Every structure is written in C-alpha cells, then in structure tokens.
Amino acid sequence: MKDKVTKITLLKMKRKGEKIAAITSYDYLSTRLIDDTGIDCILVGDSLGMVVMGYDNTLPVTMEEIIHHLKAVTRARPRAIVVGDMPFMSYQASVEDAVRNAGRLVKEGSAQSVKLEGGERYVPVIEAIVQASIPVVGHLGLTPQSLHEFGGYRVQGRDRESADRMISDAKALEKAGCFAVVLEGIPWQLAKKITESVSIATIGIGAGPHCDGQVLVIHDMLGIYDEPLPKFVKMYEELGERIKGAVSAYVRDVKDGRFPGMEHSYSADSRKDPSGDSKDEKDDIPR
Ligand code: KIV
C-alpha cells in the first residue's frame, strides 16, 4: 500500500514534473474502485448537483449534500487526497461563513482539503481558511458557479486582458496559500503560461495538455451522463449503453420467466441444492 497522498505529495509531483491524475467521486463503492487505480486526487465536486441530483446546474447544491457525499467517499478511506467542493453561497457572503463551512467539510465530511471558485477577490477568504489549517484548492476560468455572470458556459481568458487577469489571479491564489488550482475551460496557451508562472499544482479540465494534472467528472468519462458533453471530455467507456443493455436483459428475463431459475433459489431441505446437486446449502447469505 502506497503512502496517503497529501498536499505535500502534489506539490512534490509538480516540482518533479510528475503528472497528477484527479477524478470526481460521490459514493463509497466507486471510491473503492477508483482508489485501486493509482488516482492521486478525488474531488467530491458540486458537479454532483447535475450528475447525481439532476439539477440544471451546480447553484442549488447545499452544504448538507456535499457533506453527505463526502462522508460516503471518505468512509472508503482512499489513499488519494479527498477535496471537498464548497458549494455556491457557502463562502461568498463572509469570511466567517467560509471558515465555518470549510471546517464542516473537514470535521463532518472528513475532507482533507477544500476547493472554492474565484480569483483575487477571494484572497481574504482563502487566507482565513488556510489559517484554520485547512488546505485550499483554487478554481479559475470557466467557474460554473458564475454561470449567470458569464451568460452561459463559455471558454474564458481568450482575450489579452482577461488572460492577464487570470495569470495575476493564479499568482494571488498561490500567495494566499492555495496548494493547487483547477483551471477550467481556458485556452491551452494560457494554462501553460499559468502552469509555468506558479509553484502550486495546476489541474486542468478543458485547459489543454500542459497543466500539472487533469481532472474529469467520472460520469462523463465513463459515458453514463446522457447530456451532450464538452469537447474536452475523453469518454473511456460507454457504460450508459452497457447499463441499459444489462437492465433490459434482466427485464426480459423476468417477464419471460427465465429469472430466477432454480440455481438462484433455496430449497426447504438445506442439504439439497434445488438445481439438482446434492451439495450442502448454507443458511448464511453473503452480503
Ligand atoms: O464540481 C466539479 O466536479 C468540479 C470539477 C469539474 C473541477 O469542480
């Protein structure tokens, strides 16, 4: 068993030029599977609002929902560092709110760090959370909680002025104490420049190949989410179709009387297997 990944591990990986692999997870079993793969970082993202809860966007997600899913994920005791996302309005209104809510993600959800969206204007918030000994990941670019400010999901930082602002935002987050920053939906040239300009780890999503690491929403890369996907998603499986195929086969079997068969049934005589074998049948049911 390799050592637990911490913020120090990710900073060392950045220094050594070792790529960081991150993914979202929202439940116990997926986390156990994912953690066996060598993943470095698991994000309990507010994307759960869309892929788990069925909301139109991430804005309705509550602290209770994030904590509920964080608890499920951290119960798997993953080796990967677990980042808990701070939902909309859990850190925007005041520094005090932000510290208390970040603390809840760690204390109640057992998160090992928290992530929040926004640049320089969140420096006081980030500094206060870091002061409370909670590691912070920043998030710049197409930050989904600013959906209405952007007027939709649009690539950010394409013009010179906004690109320069994002570079100075990234430097401000580094100075405020973030150990990593997610760069979402920005030109690869800008992501490269930011990655070269800061000593903290950059984790890209729709930000090209030059970031220190990458993150994807698990439902997107497994092909479960049935809405149109952005071009930056690489679909590694079409699990949605496979799930439909498996459940359709089950429905047909039940309706046609093919399931359950005798091999799935118990006998009144515990020494006789109903399929005809005379082997012992145990009363204990594995669960
Ligand atoms: O909520 C989320 O899953 C995220 C990632 C897409 C970075 O913020």
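Computed over heavy atoms, backbone and side chain alike; hydrogens, waters and symmetry mates excluded. Quick caveat, the model's predicted, so the values are computed rather than measured. In listed order, ligands and their atoms are each counted from 1.
Heavy atoms of Thr58 found under 4.0 angstrom from ligand 1: none, in either backbone or side chain.
Protein heavy atom nearest atom 6 (C) of ligand 1, with residue, atom name and distance: Ile205 CD1, 3.7 Å. With hydrogens left out, the protein atom closest to atom 8 (O) of ligand 1 is Lys115 NZ, 3.0 Å, a heavy atom. Nearest protein heavy-atom neighbour of atom 3 (O) of ligand 1: Ser47 OG, 2.5 Å. For atom 4 (C) of ligand 1, the closest heavy atom belonging to the protein is Leu43 CD2, 3.5 Å.
Using a 4.0 Å heavy-atom cutoff, Glu117 is absent from the residues neighbouring ligand 1.
Between the Gln156 side chain and the Arg154 main chain, a donor and an acceptor come within less than 3.5 Å of each other. With Tyr91 contributing its side chain and Ile126 its backbone, the two residues share no donor-acceptor pair below 3.5 Å. No donor-acceptor pair closer than 3.5 Å links the side chain of His210 to the backbone N or O of Lys192.
Ion pairing of Glu196 with Lys193 is absent here, as no side-chain N (NZ or NE/NH1/NH2) approaches a carboxylate O to less than 4.0 Å.
Counted within 6.0 Å of CD on Gln189, heavy atoms from surrounding residues, nucleotides or ligands total more than 12; the atom is thus considered enclosed.
The contact set between ligand 1 and Gly45, taken as ligand atoms under 4.0 Å from a residue heavy atom, comprises 1 (O), 2 (C), 3 (O). Set against the non-hydrogen atoms of His139, the atoms of ligand 1 under 4.0 Å away are 8 (O). Residue-ligand proximity, Thr24 to ligand 1, at heavy-atom distances under 4.0 Å covers atoms 3 (O).
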- What do the steps show when you test Glu238 against Arg242 for salt bridge (Lys or Arg N to Asp or Glu O under 4.0 Å), and what is the final call? CA-CA 7 Å; Glu238 293 197 19; Arg242 292 180 61 174; over 6 Å; no
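Minimum heavy-atom separation, Ala170 to Ile194: CB-CG2, 3.5 Å.
Remark: ligand 1 and Tyr26 share no N or O pair separated by less than 3.5 Å (distance only, no angle test).
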